[in-house]
Number of protein chains: 2
Amino acid sequence: MKDTREVTIYDIARQLHISPATVSRGLNNHPAVSKKTRQKILEVAQALGYRSNTFASNLRRQHTNTLGVIVPKLNSHFVSSVLAGIEKVANEAGYNLIISQSLESAQKEVANANTMFKSRVDGLIVSLAFDTQDLSHFNPFFKKGIPVIFFDRVEQSLPSSTHIIIDNEKAGYQATEHLIQQGCRHILHITGNLTRNVYADRLKGYQEALKAYGLPFHETDVIVSMLDEKSAWETGRQIANMHPLPDGLFVANDTFAAICMQALKEKGIRVPDDIAIVGFNDDLVSRVVEPPLTTVHYPGQEMGELVARHLINHLQGTVPLTHTHTIIIHSELIVRQSSLRNPQR
Amino acid sequence: MKDTREVTIYDIARQLHISPATVSRGLNNHPAVSKKTRQKILEVAQALGYRSNTFASNLRRQHTNTLGVIVPKLNSHFVSSVLAGIEKVANEAGYNLIISQSLESAQKEVANANTMFKSRVDGLIVSLAFDTQDLSHFNPFFKKGIPVIFFDRVEQSLPSSTHIIIDNEKAGYQATEHLIQQGCRHILHITGNLTRNVYADRLKGYQEALKAYGLPFHETDVIVSMLDEKSAWETGRQIANMHPLPDGLFVANDTFAAICMQALKEKGIRVPDDIAIVGFNDDLVSRVVEPPLTTVHYPGQEMGELVARHLINHLQGTVPLTHTHTIIIHSELIVRQSSLRNPQR
DNA sequence: GTGAAAGCGCTAACAG
DNA sequence: CTGTTAGCGCTTTCAC
C-alpha cells in the first residue's frame, strides 16, 4: 500500500536523459536553463510526484530559508495580527516560518530559542516573555551572526539589534490624559513587570500626564500584576473595596481591564460614572464588554509586515541591520464608553 | 566577528582521536558505546559548542521527528489549550512541532498541507477549516502512509483515519434542553457551515431536544453564518429587530454569542429575561460579558494530549492507527447567568 | 566497543 | 545552455 520510494532529481534526470544538475537548475528557476527543458522537467516532476528534499537542499546550501518567531502568547488579537503580517511578507519572499510561544515564561523562551537555534533558522523574530531578564539565550545567534529582531516587548539595553515598537510612553500619556480630561482625579495604573519596556514606558507616560496636569503621583496607585486571569479578578475585587474609590483606571491590557470592569460591576460600581477605564491593545473583548472599552490600538499586521520585511531585507543583504536601531510605529487611543463621562456633542 | 565555521562530529572525533561513527553513537545514546567515551564526547561537544545538524540527520534516517499541526485559528481558548496538550506530549516524546493556521480558508489549508508534506512531517494533526469540502490535499499523506489524525473539526466520511471529537450532538441537545427548561419556547440556533461535523451535529442535537420537548422545528430558526465578527454584529442586530422576538439563542461559539448579546443589549433587549443565550467553547470572553455566558466547555488540553499520544504511539508502532476510528471526549454545559431565568436555589 | 566506508538528495564550482 | 564532480554532516551496515 505504502508508496515508499521517494522520487529524486535523479529519477527525473534519467527519464529525460539529462543531468541531475540541470534538473536542479530547472526546478530552481535558474536563468541558465532553456525554457523547453525547464518545461519538460516540471512536467516530469509533476508526473512522478516529485517533492524536493528540503534537508538535502538545506544541508547543501548553508541556510534554511526559515524564520523563527517567538511570541509570549499566540492567543491575543495583537499577536495574531502581527503573525499574519509576518507570514504574508515571509511567504511572498519564499521564507518558511517556525512559530513558538513562550507562554510568558522565561524558561520556556530559553527552550524555544534553543530549538530555533538547532533548527538553524536564518533569522529570529522575538517578543519577550513577561519575566525574561537575562538575554543570554540569544547569544548563540549573535555569535553566529544570525540576525535577531525584537518587536513590542523588547530589551533596549541590548546593543546592535533592531527593535520595532510603538511609543508606549506617548500611548500611556494619552490614555492618562484622556482620563484626566474626563474629570478623573485619582487614577490607578495597573500594569505588568516593570522591567519590561512596554510596561515601564506606559508608566512613564502615566506619570508625565499626571505631572502635566498638576496631579500628584503616588507609588501606591501603581499596581504591578502578573496580568493573568486570576489576578485580574482579584485585583478588580480589591479595587472595588478601596476607600475612597479611585475614579479612573488605566490598565495595561484589555483582557485584564475587561475582567476588572466585570468585578467592579459585580460590586455595583458604575463604569464609567464611578470609575472610568482605559485598556490597551484593542482586543476583541474590548468591543464586547459593557460598556465598550476605551483602548489603545496598534497596528499589529503592519508591525508584523515591517518586522519581517526588515529581517528579510537584511538577510538578502539589502540593509545592514545594525544601522537601524529602533523603529517606532504609530498607535492611537480609541475612545469608547468605558471612559466617557461627559459625552461630547 | 561572525563565528562562521560549524562544529561537526568530525571535529569532536579528531579532538578525541576516535571515529566520527563513535561520536555519532555517543551523541545518540547508542548502547554499544562505553560510558567513559560517551562522557568524553559529551564534554568535548559542549566545549566546542557543537549543535547537531538536523538536516544531515534527517537526510540520513528517513524521518524527521516532526509532527505537523493544522488548525483553523490559533486565536481561541480551545485551540490554544489543544496545542498546549499536543506540545506537552510531543516534547516529552522528543518530537518537534510545526504549527500552522488555515484561517478558516480551505485554500490556505491546502497550502499548509502541501508545506507540511514538503517538510516531511512524520505525522499530521488536523482540525479542518470552515469551508473545506474536498479532502484531496491529504491524499499525498495517505499515499505515502503518513498518518493523519483529525480532531474536533473532522470529516467522518473519510475512511481509515482516526478522529478525536466531542459528542457535539449531545452537547447541542443539552444546551437546547437547558434553554427549554428555562422556559424558552422559540429558540434560534446560530451556527456555521453545516457540512462541518461540529455544526451539523450540534444542529441535530438542537432538533432532537426540540422534538423531545414537543416544540416545533422551523428551518428559519437556524441561521447559518460565517461566524466572523462582522456577521456577528449584523446577525445580532437582525435578531433584535425580529417580531416576535425569539426567547432563546443557542450559538455555536462564544465570541459570536458575546457579540450578539452586545448587539441585543444595545437595542434594549434584556438577557436573559427577554432572550436567554447559550454559547459554545468556554472562551475567556464568556466570563467577561455581562451577564456571563452559559456555554459548553470541552477539555482542550486533554484532547491535545490524547491526539498527540495517539499519533506518536502509532508512529512508534505501538498501536495500529486504522483500528481505532473515533474517540469521543467528554464535554459539559456550564450554566451562567446569560440563560438563567428562574434562578435555582 | 570501535572503525571504515558508503550514501541520504541536493547544489555549486568548474569546464565545456 | 548543460554535464561532471565533489561534497554538505550524519548514520549505519559490516567488519574487526
Side-chain angles (χ1 to χ4, degrees), chain A residues 3-42 44-45 48-66 94 96 117-122 144, chain B residues 3-42 44-45 48-66 94 96 117-122 144:
Chain A
D3 197 346
T4 176
R5 254 305 271 129
E6 282 289 343
V7 180
T8 74
I9 53 171
Y10 289 94
D11 300 318
I12 301 177
R14 203 174 315 118
Q15 188 134 149
L16 286 170
H17 307 290
I18 57 178
S19 83
T22 305
V23 175
S24 172
R25 287 194 269 258
L27 258 17
N28 291 300
N29 290 317
H30 190 101
V33 70
S34 76
K35 280 219 159 125
K36 255 184 146 178
T37 22
R38 191 201 319 293
Q39 186 57 38
K40 276 190 200 159
I41 291 168
L42 260 22
V44 177
L48 261 41
Y50 169 81
R51 56 170 172 170
S52 92
N53 187 323
T54 331
F55 307 119
S57 172
N58 285 345
L59 178 58
R60 190 48 235 256
R61 348 156 65 162
Q62 293 280 18
H63 61 267
T64 58
N65 252 270
T66 297
N96 286 116
F117 188 66
K118 279 197 294 188
S119 310
R120 305 190 181 218
V121 294
D122 291 344
K144 273 254 158 353
Chain B
D3 196 346
T4 176
R5 251 309 267 128
E6 282 288 343
V7 180
T8 75
I9 53 172
Y10 289 94
D11 300 317
I12 302 177
R14 205 174 314 118
Q15 188 134 147
L16 286 169
H17 306 290
I18 58 177
S19 82
T22 306
V23 176
S24 171
R25 286 194 268 257
L27 257 16
N28 290 299
N29 290 317
H30 190 101
V33 68
S34 76
K35 279 220 158 122
K36 255 182 145 176
T37 21
R38 191 201 318 293
Q39 187 56 38
K40 276 190 200 161
I41 291 168
L42 259 23
V44 177
L48 262 41
Y50 169 80
R51 56 170 173 169
S52 93
N53 187 322
T54 330
F55 307 120
S57 171
N58 285 344
L59 178 57
R60 190 47 235 256
R61 349 156 67 163
Q62 295 278 17
H63 61 268
T64 59
N65 253 269
T66 298
N96 286 116
F117 188 66
K118 280 196 294 187
S119 310
R120 303 188 184 220
V121 294
D122 291 344
K144 273 251 159 353

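We name chains A, B, ... by the order of the sequence lines, and we start the count at 1 in each one.
Regarding B:Glu6, its CD atom lies at a distance of 19 Å from the P atom of D:dG7, rounded to whole Å. To the nearest angstrom, P of D:dT12 lies 9 Å from NE2 of B:His30. The nearest whole Å value for the distance from the CG atom in A:Leu16 to the C1' atom in D:dG3 is 15 Å. Taking atom CG of A:Leu27 as the reference point, atom C1' of D:dC1 lies 17 Å away to the nearest angstrom. As a whole-Å value, the separation of B:Ile9 CD1 from D:dT12 C1' is 11 Å. Distance, B:Arg51 CZ to D:dC8 P: 17 Å, rounded to whole Å. The NZ atom of A:Lys118 sits 16 Å away from the C1' atom of D:dG9 (whole-angstrom rounding).
B:Val23 pairs with exactly one of B:Ile18, B:Asn28, B:Val33 by the side chain to side chain contact (heavy atoms under 4.5 Å, CB included) rule, that one being B:Ile18.
Side chain B:Tyr10 to base D:dC10: a donor-acceptor pair is found below 3.5 Å.
Listed nucleotides D:dC10, D:dC8, D:dC1 differ in distance to A:Ala32; the shortest reach to its side chain belongs to D:dC1. Residue B:Thr8 has its side chain nearest to D:dC10 when only D:dC10, D:dC1, D:dC8 are considered.
Among the atoms of the strands shown, only primed sugar atoms or phosphate atoms (P, OP1, OP2) are found under 4.0 Å from some heavy atom of B:Asn28. Here B:Ser34 lies in heavy-atom contact (under 4.0 Å) with sugar-phosphate atoms only.
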Inset, instruction - Please assess B:Thr66 against B:Arg120 for the test side-chain contact (heavy atoms from CB on, under 4.5 Å), listing each intermediate value before the final yes or no. - result: CA-CA 8 Å; B:Thr66 298; B:Arg120 303 188 184 220; over 6 Å; no
Legend entry - Audit row: A:Lys144, B:Glu6, side-chain contact (heavy atoms from CB on, under 4.5 Å) steps and yes/no: CA-CA 9 Å; A:Lys144 273 254 158 353; B:Glu6 282 288 343; 3.1 Å; yes
Legend entry - Pair A:Tyr50-A:Ile9, side-chain contact (heavy atoms from CB on, under 4.5 Å): steps then yes or no: CA-CA 8 Å; A:Tyr50 169 81; A:Ile9 53 171; 3.6 Å; yes
Inset, instruction - Might you work through the side-chain contact (heavy atoms from CB on, under 4.5 Å) test for B:Ile41 and B:Arg25, ending with a clear yes or no? - result: CA-CA 10 Å; B:Ile41 291 168; B:Arg25 286 194 268 257; over 6 Å; no
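Residue order along DNA chain C, read from the 5' end via each residue's closest nucleotide, puts B:Arg25 first among B:Arg25 and B:Leu59. Taking the nucleotide of DNA chain D with the nearest heavy atom to each of B:Ala21 and B:Phe55, the more 5' of the two is matched to B:Phe55. Of the two residues contacting DNA chain C, namely B:Thr22 and B:Ala56, the nearest-nucleotide position lying further toward the 5' end is that of B:Thr22.
A side-chain donor-acceptor contact under 3.5 Å links A:Thr54 to the backbone of B:Lys118.
The shortest distance between the side-chain N/O atoms of B:Ser24 and the OP1/OP2 oxygens of D:dT12 is not below 4.0 Å.
For B:Arg51 and A:Phe117, the positive end sits near the middle of the six-membered ring, less than 6.0 Å away and at most 45° from its axis.
Interface limits on DNA chain C: the 5'-most and 3'-most nucleotides within less than 4.0 Å of chain B heavy atoms are C:dG1 to C:dG9.
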